[in-house]
Amino acid sequence: MVQHNVLIVGGGARESALGLAFRRAPSVDRVYVAPGNQAMKLLGLDPVPIAVDDFDRLLDFARGHVDLTFVGPEVPLVGGIVDAFMAAGQQIFGPHQRLAQLEGSKGFAKAFMQRHGIPTARSVVTHTLTEAQAAMREFGAPVVVKADGLAAGKGVRVAATIAEAEAALDGLYRQRADATVVVEEYLTGQEASVMTLFAGTHFVTLPLSQDHKRRFNGDAGPNTGGMGAISPAPQFGATAAAEAQAIVQRTITGIHADGLDGCGVLYTGLMFTADGPRVLEYNVRLGDPETQVLLPQIKDDLYVTITNLMAGQQPQLHLNGQTYSAVVLAHPGYPATSRPPLAFKVPATPELGQWLPAAVEYGDNGWQSSGGRVATVVGAGDNIQTATKLVYQLVDQLAGELAFREDIGYHALMEPVR
């Protein structure tokens with residue numbers, strides 16, 4: 001079998017999970033990660049010290065070393081990395097810059113949903129503080145306030161009171177007087193992350209997962225990039241999966257109708273309300289930490305799946321039937337601060353897929369944290385109870401001074417959604 005080399009752009013636990021998924025692929029020889037992190041070497045991956053926004057150097061490296069580039073984070077996608085690679089004739093999996101506006105601009109995404117009849121929360125896109133305040137008063141509290149651009153998963157404020165909403169709006173419009181802000185009705189229900197690999201009109205949807213965005217137990221505290229995830233999320237049954245698939249199909253059809261055809265990952269954030277599913281947001285990349293519980297389920301060769309999809313073929317996914325639970329280890333000050341660096345334990349022989357490094361560096365005193373979310377620990381089992389028990393046994397061994405949520409997966413123990 002001819003083997004290929006892959007370049008993954010990014011450096012977190014999501015990219016660690018992607019690297020291991022490609023390493024498991026029989027058709028893949030070497031996996032490079034730019035910039036990666038130092039601990040990825042323990043997983044058999046090859047970090048390359050090139051920043052995610054240095055498109056020229058990334059292109060130069062790709063030309064000489066790899067057959068496929070896979071982009072992890074949103075910043076280079078919104079910045080046009082795919083356009084640059086395509087212009088140079090390099091194979092890359094990710095949406096072009098115009099399509100990436102589904103994540104890069106919440107106003108763009110809302111207009112897209114309205115144009116194509118995709119169910120979503122009622123909202124008003126505002127450009128002045130006065131407009132935003134009027135919309136806030138119309139919806140009442142609780143209300144959701146969203147910054148229009150990229151915010152690393154932390155650009156959404158759920159205001160429980162009018163005073164909280166006013167403070168959030170004042171903060172956004174102090175930064176920029178003509179900022180675009182989406183003011184949105186507050187929805188209740190269980191939230192699911194729906195990841196879809198697509199190219200043109202062909203796509204394949206991964207099992208539903210559930211992220212835990214709030215910093216503290218019981219979904220308290222500020223929004224973060226994600227503190228843990230489970231998949232398949234057992235509270236979402238066959239009906240919920242079919243509803244999610246129908247929304248994905250409508251989205252892909254809308255992308256095609258708007259002349260935005262491309263390839264990559266479509267992340268659909270869904271809220272299953274009493275009135276049916278509603279799209280909360282679109283992203284155009286794999287979620288973190290959802291990736292860490294999704295990719296281990298796939299038995300297929302990931303390189304073959306993606307390149308066949310890009311060649312216009314419809315892939316069929318084969319899953320291993322296991323349930324996965326992931327817990328993020330973070331600096332205790334996250335998301336407010338990530339200093340000073342903290343020492344932590346690295347497994348002497350990391351089990352592939354169980355310990356996924358993110359903000360990690362090797363210092364004078366050994367391994368230490370270099371950012372907010374430091375690593376993801378993953379457990380697997382026949383059901384959510386077994387997976388959760390295992391992951392917390394591993395967390396207890398590895399966390400040290402790092403912080404984590406103690407209730408990842410608790411929504412799955414509630415009543416089924418549908």
Side-chain angles (χ1 to χ4, degrees), residues 6 8-24 30-52 72-73 212 215 224-230 286 288-296 324-335 337-381 387-406 408:
V6 175
I8 298 169
V9 177
R14 166 182 51 208
E15 286 74 33
S16 292
L18 271 165
L20 288 178
F22 279 115
R23 268 203 65 206
R24 288 193 298 267
R30 297 188 67 176
V31 180
Y32 301 96
V33 192
N37 64 70
Q38 294 174 1
M40 285 182 176
K41 295 177 183 178
L42 303 176
L43 305 180
L45 309 177
D46 296 317
V48 180
I50 304 175
V52 299
H212 297 61
R215 170 62 182 83
T224 71
M227 294 300 298
I230 60 170
L286 286 169
D288 181 350
E290 295 98 328
T291 303
Q292 292 91 296
V293 293
L294 285 170
L295 295 185
Y324 290 80
S325 179
V327 176
V328 171
L329 306 181
H331 190 283
Y334 176 74
T337 179
S338 299
R339 295 295 170 183
L342 296 175
F344 65 93
K345 300 175 184 177
V346 169
T349 55
E351 293 289 332
L352 290 186
Q354 289 191 326
W355 180 80
L356 300 166
V360 172
E361 61 188 12
Y362 196 80
D364 294 337
N365 299 315
W367 292 105
Q368 64 185 26
S369 65
S370 64
R373 294 189 295 170
V374 178
T376 302
V377 180
V378 181
T388 300
K389 181 179 179 179
L390 175 59
V391 75
Y392 278 109
Q393 289 174 349
L394 294 170
V395 165
D396 288 342
Q397 297 171 27
L398 299 171
E401 295 181 74
L402 298 175
F404 56 92
R405 275 184 58 165
E406 300 170 318
I408 300 303

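- When every heavy atom of Pro289 is checked against every heavy atom of Gly226, the shortest pair comes out as CD-CA, 3.8 Å.
- Listed by chain and residue number, Ala34, Val48, Asp54, Arg57, Leu58, Phe61 satisfy the side-chain contact (heavy atoms from CB on, under 4.5 Å) test with Ile50 (two or more places apart in sequence, or in another chain).
- Residues satisfying the side-chain contact (heavy atoms from CB on, under 4.5 Å) test with Glu401, not counting sequence neighbours, are Leu342.
- Residues Ala399 and Phe404 share a closest heavy-atom pair of CB-CE2, 3.7 Å.
- Without hydrogens or angle criteria, His331 side chain to Ser370 main chain gives no donor-acceptor distance under 3.5 Å.
- Judged purely by atom type and a 3.5 angstrom limit, Asn37 uses its side chain to pair as donor or acceptor with the backbone of Gly11.
- Between the side chain of Gln397 and the backbone N or O of Val395 there is no donor-acceptor pair closer than 3.5 Å.
- Of the possible polar contacts, none joining the Arg373 side chain to the Val328 backbone as a donor-acceptor pair under 3.5 Å is found.
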Steps toward side-chain contact (heavy atoms from CB on, under 4.5 Å) verdict (Val374, Tyr334): CA-CA 10 Å; Val374 178; Tyr334 176 74; over 6 Å; no

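- Taking the side chain as every heavy atom from C-beta outward, Phe22 and Ile8 approach each other to under 4.5 Å.
- Not one N or O on the side chain of Arg215 forms a donor-acceptor pair closer than 3.5 Å with the backbone of Thr224.
- Under the side chain to side chain donor-acceptor pair (under 3.5 Å) criterion, Gln393 pairs with no residue, sequence neighbours left out.
- You'll find the side chain of Ile230 reaches within 4.5 Å of the side chain of Ile408, heavy atoms only.
- Under the 30°/60° scheme for interplanar angles, the aromatic rings of Tyr362 and Trp367 are found to stand perpendicular.
- Of the listed residues (Leu45, Leu42, Val346, Leu43), just one forms a side-chain contact (heavy atoms from CB on, under 4.5 Å) with Pro357, and that residue is Leu43.
- Checking side-chain atoms of Arg14 against main-chain N and O of Leu286 turns up a donor-acceptor pair under 3.5 Å.
- Applying the salt bridge (charged side-chain N to carboxylate O under 4.0 Å, His left out) rule to pairs touching residues 41-50 yields Arg30-Asp46, sequence neighbours excluded.
- The heavy-atom pair separating Ala21 from Leu295 by the smallest distance is CB-CD1, 3.9 Å.
- Contact annotation: the side chain of Glu15 approaches that of Pro73 to within less than 4.5 Å [non-hydrogen atoms, C-beta and beyond].
- Heavy atoms only, all atoms of each residue included: Gly371 and Ala359 are closest at N-CB, 3.4 Å.
- Note: Leu390 CG to Gln354 CD = 6.0 Å, rounded to the nearest 0.5 Å.
- Closest approach of Ala358 and Ala13 over heavy atoms only: CB-N, 3.4 Å.
- Thr376 is linked by a side chain to side chain donor-acceptor pair (under 3.5 Å) to Gln292, counting only residues two or more places apart in sequence or in another chain.
- Note that CE of Met227 and NE2 of His212 are 11.0 Å apart. Values are rounded to the nearest 0.5 Å.
- Scanning all heavy atoms of the two residues, the minimum distance from Pro332 to Ala403 falls at CA-CB, 3.8 Å.
- Residues satisfying the side-chain contact (heavy atoms from CB on, under 4.5 Å) test with Ala375, not counting sequence neighbours, are Trp355.
- Here Glu406 contributes atom CD and Thr388 contributes atom OG1; the two are 13.5 Å apart, rounded to the nearest 0.5 Å.
- For the atom pair CG of Asp288 and OG of Ser16, the computed distance is 9.0 Å after rounding to the nearest 0.5 Å.
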